[in-house]
Number of protein chains: 2
Amino acid sequence: MFNIAILGLGTVGSGVYEVIKENNALLKEKTGEDIIVKRILDLREFPGTEWESLLVHDIKEIIEDKDIDVVVETMGGTSPAFEFVRDALLAGKHVTTSNKALVAAHGTELLKIARERNVNFFFEASVGGGIPIIRTLTESYAGEHFKEITGILNGTTNYILTKMDAEGESFEKALATAQDLGYAERNPEADVEGHDTCRKIAILSSLATGKKVNFEEIHTEGITKIDTVDFEYAKHLNTSIKLFGDAKFENDKVFAFVAPVMVESDHPLFMVNDVFNGIMVEGNMLGKSMLYGSGAGKLPTASAVVADIVAIAKNKDGNVSFGWGDKKQEVVDMQETSHRYFVRFMGRDGDFIEKCKTSFRDAKEVYLDGKDEFALITGVMKEKDFLATVKHK
Amino acid sequence: MFNIAILGLGTVGSGVYEVIKENNALLKEKTGEDIIVKRILDLREFPGTEWESLLVHDIKEIIEDKDIDVVVETMGGTSPAFEFVRDALLAGKHVTTSNKALVAAHGTELLKIARERNVNFFFEASVGGGIPIIRTLTESYAGEHFKEITGILNGTTNYILTKMDAEGESFEKALATAQDLGYAERNPEADVEGHDTCRKIAILSSLATGKKVNFEEIHTEGITKIDTVDFEYAKHLNTSIKLFGDAKFENDKVFAFVAPVMVESDHPLFMVNDVFNGIMVEGNMLGKSMLYGSGAGKLPTASAVVADIVAIAKNKDGNVSFGWGDKKQEVVDMQETSHRYFVRFMGRDGDFIEKCKTSFRDAKEVYLDGKDEFALITGVMKEKDFLATVKHK
């Protein structure tokens with residue numbers, strides 16, 4: 001018997017309940033254990049449902065219950081999720097979470113407690129939903145020095161950008177559609193401003209480096225300033241615009257950002273559309289590989305949580321190392337990092353264009369038929385130089 | 001100290017040596033062990049190389065050496081690879097192999113011996129090279145009932161098909177190019193006739209069902225009969241032709257085949273070109289996900305072997321279950337399975353076309369400009385009915 005407590009019966013929490021119920025015989029076969037949901041923590045009562053008899057409202061009833069082996073945290077947010085998870089680990093319980101905000105903010109500390117208590121803290125569902133990126137980085141690619149991780153890590157923004165690309169919709173209209181379909185929250189800020197992607201690329205960077213990456217140090221731009229005209233240029237250039245979370249690893253430093261990027265059509269992430277996620281990993285031996293799938297959604301995310309429960313059942317007697325230690329990782333200031341930039345200007349004055357091409361390092365100009373404007377794709381420039389040059393124009 | 005013996009210093013074997021050397025400090029960090037290549041079994045001598053002092057020519061020197069913890073089998077073929085691996089497991093050594101022929105033919109038996117001796121038999125590199133499909137199926141998707149696995153599992157054939165598609169080359173010319181580049185063997189039969197893909201989809205089917213899937217029961221067609229005209233039709237239909245290994249899982253039965261398939265442009269595997277591999281997995285909770293990467297090549301494949309070595313180091317005291325037991329899995333006779341077919345006919349006789357459309361179950365006709373022929377995409381038909389209908393035309 002392997003007893004589970006679920007904290008928070010929202011979309012993912014109820015999905016975990018459903019997967020455990022639906023695939024129960026299979027899970028017993030895989031683990032040799034009867035996996036049972038013994039308790040659910042939620043503020044609500046759910047009268048008349050199958051959950052009713054399992055509900056508790058006080059976390060103590062879970063922490064102090066010696067029969068509970070695994071705590072599944074699917075509440076979201078950092079407080080009280082952090083306190084609940086910390087106390088569960090301190091009480092010698094294994095924990096799995098789908099909560100990227102929790103892992104990005106407190107992963108280092110929670111992994112340390114798990115090591116000290118010889119229990120497991122797993123978080124496969126926190127990045128990429130049903131995409132097995134955490135286990136792939138830590139186990140399948142255990143022998144790799146990572147060079148770069150590039151991800152489309154947020155389904156909401158990817159859906160909006162896909163609509164803008166395919167149907168020429170404005171950001172506002174595509175966002176409204178995404179909200180109507182339940183893909184975007186009423187307050188979409190965490191998604192559209194890139195904060196969600198930022199936390200996820202920070203988690204992946206910590207796994208890749210084995211050190212604590214502070215997500216607040218990662219330069220983060222969202223998609224709210226992207227115009228339909230940008231997509232016209234993108235199409236003209238045989239590219240599409242995607243929100244990337246990107247981290248390069250060089251000489252013990254991390255070069256990371258979250259920003260919209262023009263992606264060429266032969267890039268493996270070009271075909272990642274709608275609410276799907278895709279993550280490209282480059283290793284020093286492996287070369288490039290890519291994982292694609294449902295980045296969110298009730299059942300795919302729940303499936304990842306349940307895979308963690310299976311892994312915990314197989315490793316219930318000891319801590320499985322993620323190689324994510326306590327040391328702080330240096331994240332290079334975005335101002336000092338180099339990129340190529342896409343920038344638009346009004347008018348088509350020949351002298352001005354020539355001057356711009358020079359000051360933006362042999363920039364390549366791009367024209368759309370019938371528009372009194374032009375765009376440049378700059379040469380490789382430091383962010384600070386690019387910003388200074390734009391300011392002078 | 002964790003001592004390795006490599007059997008066979010070919011492409012993959014020398015790659016394993018290189019990855020262990022190149023990423024040694026990292027591997028120590030990940031496992032807490034100094035990972036050392038102590039012995040190499042090969043018929044050759046390699047005088048003057050760094051391997052020379054490690055070489056042995058008699059497997060007994062490895063099997064009987066109590067200091068060797070892990071045997072890496074990268075010889076290929078089933079004999080003597082099978083005997084060597086069996087004896088290593090019986091001697092209480094862990095084994096990892098990149099050899100799909102071995103795993104497809106003897107995986108069930110070798111896994112049983114490994115369980116009985118409480119050691120590990122791992123084979124991540126046997127399917128998909130650097131794509132972590134084995135671990136993904138068995139660990140990351142441990143909570144899933146699988147519905148279908150579809151793979152582009154052979155880089156050689158995918159390269160040939162990509163050349164035929166992109167450059168209108170004949171099969172023979174594309175094969176010759178692949179041979180010149182070292183992507184295809186001088187005797188290319190195992191690749192181009194689909195035998196390699198067959199063994200790989202058999203292995204994936206065994207992992208998905210937990211039973212022994214006999215690869216000889218999987219209907220296997222290669223790519224040698226594909227004509228440049230087929231690609232003209234494929235393009236006209238906005239598709240490309242790829243060699244799929246496919247397995248569907250329904251009611252405890254496996255419906256599997258290896259055959260060229262017209263893949264629509266919105267299919268996640270459409271973009272898998274050149275020597276790359278891609279594998280799509282559909283689970284009952286997960287939905288669809290896809291993994292993409294280098295399916296072969298020295299270092300990506302070696303990296304997968306080294307990931308197995310790391311996993312062995314972390315699990316050196318006990319057998320990790322793959323859930324692949326001894327029972328035999330029923331594979332449905334291809335004759336009884338249903339598909340849609342693409343078929344070409346000479347001429348454009350109206351009556352004949354109408355008759356064909358009926359006898360091929362509401363088939364859709366396709367014409368290419370200026371060709372005195374037509375093609376049909378049939379309705380869904382049983383293989384045996386399709387073959388009987390073709391025979392009568």
Side-chain angles (χ1 to χ4, degrees), chain A residues 15 18-20 22-23 26-27 29-32 124 129-136 138-145 210 266 268 270-273 276 278 280-281 283-294 297-300 302-311 314 320-321 323, chain B residues 15 18-20 22-23 26-27 29-32 124 129-136 138-145 210 265-266 268 270-273 276 278 280-281 283-294 297 299-300 302-311 314 320-321 323:
Chain A
E18 194 175 327
V19 174
I20 290 176
E22 185 74 22
N23 290 358
L26 177 80
L27 294 172
E29 224 173 82
K30 293 274 171 86
T31 61
E124 183 63 69
I131 300 176
I133 185 63
I134 308 281
R135 212 156 259 121
T136 294
T138 53
E139 298 186 12
S140 302
Y141 296 162
E144 290 289 322
H145 277 291
D266 59 353
F270 179 82
M271 69 78 171
V272 178
N273 287 319
F276 285 94
M280 202 169 88
V281 178
N284 73 332
M285 295 295 154
L286 176 74
K288 285 177 183 170
S289 86
M290 197 267 279
L291 285 70
Y292 165 92
S294 298
K298 179 175 175 167
L299 294 177
S303 174
V305 172
V306 172
D308 276 353
I309 295 174
V310 171
K314 287 184 176 178
V320 175
S321 168
Chain B
E18 193 175 328
V19 174
I20 289 175
E22 184 73 23
N23 290 359
L26 177 79
L27 294 171
E29 224 174 81
K30 292 275 170 86
T31 63
E124 182 63 67
I131 300 176
I133 185 64
I134 309 281
R135 213 156 257 118
T136 294
T138 53
E139 297 186 12
S140 302
Y141 296 163
E144 289 290 321
H145 277 290
S265 64
D266 60 352
F270 179 83
M271 70 78 168
V272 178
N273 287 321
F276 285 94
M280 200 170 89
V281 178
N284 72 331
M285 294 295 153
L286 175 74
K288 285 177 184 169
S289 86
M290 199 267 279
L291 285 72
Y292 164 94
S294 299
L299 294 178
S303 173
V305 172
V306 173
D308 275 353
I309 295 174
V310 171
K314 286 184 178 179
V320 176
S321 168

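Numbers restart at 1 for each chain; the letters A, B, ... are given by sequence-line order, proteins then strands.
- Among the candidates B:Ser265, B:Gly143, B:Gly278, the residue making the largest number of heavy-atom pairs closer than 4.5 Å to chain A is B:Gly143.
- Contact record, A:Glu144 with B:Leu26: O-CD2, 3.2 Å, taken as the closest heavy-atom pair.
- By the 4.5 Å heavy-atom criterion applied to side chains, A:Glu124 and B:Glu139 are not counted as neighbours.
- Of all the heavy atoms in A:Pro268 and B:Tyr292, the pair that sits closest is CG-CE2, 3.9 Å.
- For the atom pair CG of B:Asn23 and CE of A:Met285, the computed distance is 4.5 Å after rounding to the nearest 0.5 Å.
- Taken to the nearest 0.5 Å, the CD atom of B:Glu29 stands 10.0 Å off from the OG atom of A:Ser321.
- Only the side chain of B:Leu27 comes within less than 4.5 Å of a heavy atom of chain A; its backbone N, CA, C and O stay farther away.
- Interatomic distance, NZ of B:Lys314 versus OG1 of A:Thr138, reported as 6.5 Å (0.5 Å rounding).
- To the nearest 0.5 angstrom, A:Ile134 atom CD1 is 10.0 Å from B:Ser140 atom OG.
- Residue contact with chain A, scored on non-hydrogen atoms closer than 4.5 Å, involves the backbone of B:Lys288 exclusively.
- When each of A:Asn284, A:Asn273, A:Ile131, A:Val281 is scored by its heavy-atom pairs under 4.5 Å with chain B, the top score falls to A:Asn284.
- Most heavy-atom pairs under 4.5 Å with chain A: of the set B:Ser303, B:Ala304, B:Gly293, this distinction falls to B:Ser303.
- Contacts between A:Phe270 and chain B at a heavy-atom distance below 4.5 Å are absent for every atom of the residue.
- Only the side chain of A:Thr136 comes within contact range of chain B, with at least one heavy atom under 4.5 Å from a heavy atom of that chain.
- Closest non-hydrogen pair, A:Gly130 versus B:Leu286, comes out as O-CD1, 3.4 Å.
- When all heavy atoms of B:Pro132 and A:Tyr141 are compared, the closest pair comes out as CD-OH, 3.3 Å.
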